[in-house]
Amino acid sequence: MNLTITASEPRTSDSFLRTVLRADIVATGVNGLVYVAAAVPLSTLFGSSVPLLLVLGTILLAVTVLLIITQRGRPLSLPLVGTLMAINAIWVIGSIATAVFADWLTPIGLGWTIAQAVFVLTVLIAEIVGVRRMRITAA
């Protein structure tokens, strides 16, 4: 019986975080495309201006590209993941501020803004859990 022992680097479990990033890619990309493609009808529905929706849609599409780059990285770049987490935190804070202070939102726009804040906060929490899992596995 031969016994071979080989040294290997610690394995990290990034599958949960990659799944979260894939979900974020879909949600962010679809949202960005819809904001850009349907800015005029959405402006009436939400009470937002067309230029605001176009800017937000463009930002979301740019974030989608960053998400794709990050998710495809081998290994995952924790600085890029941290950047995405910061972007999500800013989005949540901005959405809450908009919900509280924007008197131009329609009831549907207000509901959508709150729903987005809750969804993005959920994604952010899942990203934090994913990063923690990676670090625990690597330890």
Side-chain angles (χ1 to χ4, degrees):
M1 176 176 167
N2 283 336
L3 179 63
T4 304
I5 299 174
T6 59
S8 64
E9 293 187 30
R11 294 186 313 166
T12 60
S13 176
D14 62 3
S15 62
F16 178 77
L17 183 55
R18 286 186 188 279
T19 300
V20 172
L21 292 173
R22 280 192 294 274
D24 202 1
I25 288 167
V26 172
T28 304
V30 168
N31 215 17
L33 285 173
V34 170
Y35 277 20
V36 170
V40 173
L42 286 178
S43 70
T44 303
L45 187 64
F46 294 159
S48 303
S49 69
V50 171
L52 176 61
L53 289 169
L54 291 172
V55 167
L56 291 176
T58 302
I59 290 168
L60 289 171
L61 292 173
V63 171
T64 301
V65 171
L66 183 58
L67 279 160
I68 291 168
I69 291 167
T70 303
Q71 196 276 332
R72 290 187 174 184
R74 301 281 187 243
L76 280 174
S77 166
L78 289 181
L80 282 178
V81 171
T83 299
L84 291 165
M85 291 167 62
I87 291 168
N88 282 341
I90 291 166
W91 190 273
V92 170
I93 292 166
S95 295
I96 292 169
T98 300
V100 170
F101 297 112
D103 60 357
W104 40 263
L105 286 173
T106 65
I108 292 173
L110 178 61
W112 179 252
T113 302
I114 293 168
Q116 276 195 46
V118 170
F119 177 80
V120 175
L121 180 60
T122 303
V123 170
L124 176 58
I125 291 168
E127 288 168 343
I128 292 168
V129 169
V131 168
R132 289 193 57 150
R133 283 185 180 183
M134 283 180 59
R135 289 186 174 159
I136 288 169
T137 304

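Computed from a predicted structure; not experimentally measured. All residue numbers refer to positions in the sequence shown, counting from 1.
The cluster map of Ile, Leu, Val, Met, Phe, Trp and Tyr, joined by side-chain heavy atoms under 4.5 Å apart, puts Ile96 and Phe101 in the same cluster. Side-chain heavy atoms closer than 4.5 Å link hydrophobic residues (I, L, V, M, F, W, Y) into clusters, and following such links, even through other members, never connects Ile128 to Ile90. Hydrophobic clustering (ILVMFWY, side-chain heavy atoms < 4.5 Å, transitive): Leu52 and Val50 are in distinct clusters. Under the 4.5 Å side-chain heavy-atom criterion for Ile, Leu, Val, Met, Phe, Trp and Tyr, Val100 and Leu110 are members of the same hydrophobic cluster.
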In residues 54-63, what donor-acceptor pairs under 3.5 Å come from side-chain atoms, sequence neighbours left out?
residue	atom	partner	partner atom	Å
Thr58	OG1	Leu54	O	2.8

Please output the side-chain donor-acceptor pairs of residues 25-46 that fall under 3.5 Å, not counting sequence neighbours, one pair per line with the distance.
residue	atom	partner	partner atom	Å
Thr28	OG1	Asp24	O	2.8
Thr28	OG1	Asp24	OD1	2.8
Tyr35	OH	Trp112	NE1	2.9
Tyr35	OH	Gln116	NE2	2.4
Ser43	OG	Val40	O	2.6

Sequence neighbours left out, cut at 3.5 Å: what donor-acceptor pairs do the side chains of residues 72-82 make with other protein atoms?
residue	atom	partner	partner atom	Å
Ser77	OG	Leu80	N	3.3

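Counting only heavy atoms from C-beta outward, the side chains of Ser95 and Ile114 never approach each other to under 4.5 Å. With contacts defined as side-chain heavy-atom distances shorter than 4.5 Å, the pair Leu21/Glu127 qualifies.
Contacts of Val120 classified as side-chain contact (heavy atoms from CB on, under 4.5 Å), with partners at least two apart in sequence or in another chain: Asn88, Trp91, Val92. With sequence neighbours excluded, no residue satisfies side-chain hydrogen bond (donor to acceptor under 3.5 Å, both in side chains) with Thr83. Ala115 is linked by a side-chain contact (heavy atoms from CB on, under 4.5 Å) to nothing, counting only residues two or more places apart in sequence or in another chain. The salt bridge (charged side-chain N to carboxylate O under 4.0 Å, His left out) search around Arg22 returns none, not counting sequence neighbours.
The CD1 atom of Ile125 sits 10.5 Å away from atom CE of Met85, with the distance rounded to the nearest 0.5 Å. Rounding to the nearest 0.5 Å gives a distance of 9.0 Å between CG of Asp14 and OG1 of Thr19. Here the straight-line distance linking atom CG of Leu84 with atom CG of Leu67 works out to 4.5 Å at 0.5 Å rounding.
The two residues Ala99 and Leu105 have their closest heavy-atom pair at CA-CD1, 4.4 Å. Looking at every heavy atom in both residues, Trp104 comes nearest to Ser48 through CZ3-OG, 3.4 Å.
Remark: the backbone N or O of Gln71 is paired with a side-chain donor or acceptor of Arg18 at under 3.5 angstrom.
With respect to Leu66, the side chain to side chain contact (heavy atoms under 4.5 Å, CB included) criterion is satisfied by exactly one of Thr70, Thr64, Ile68: Thr70.
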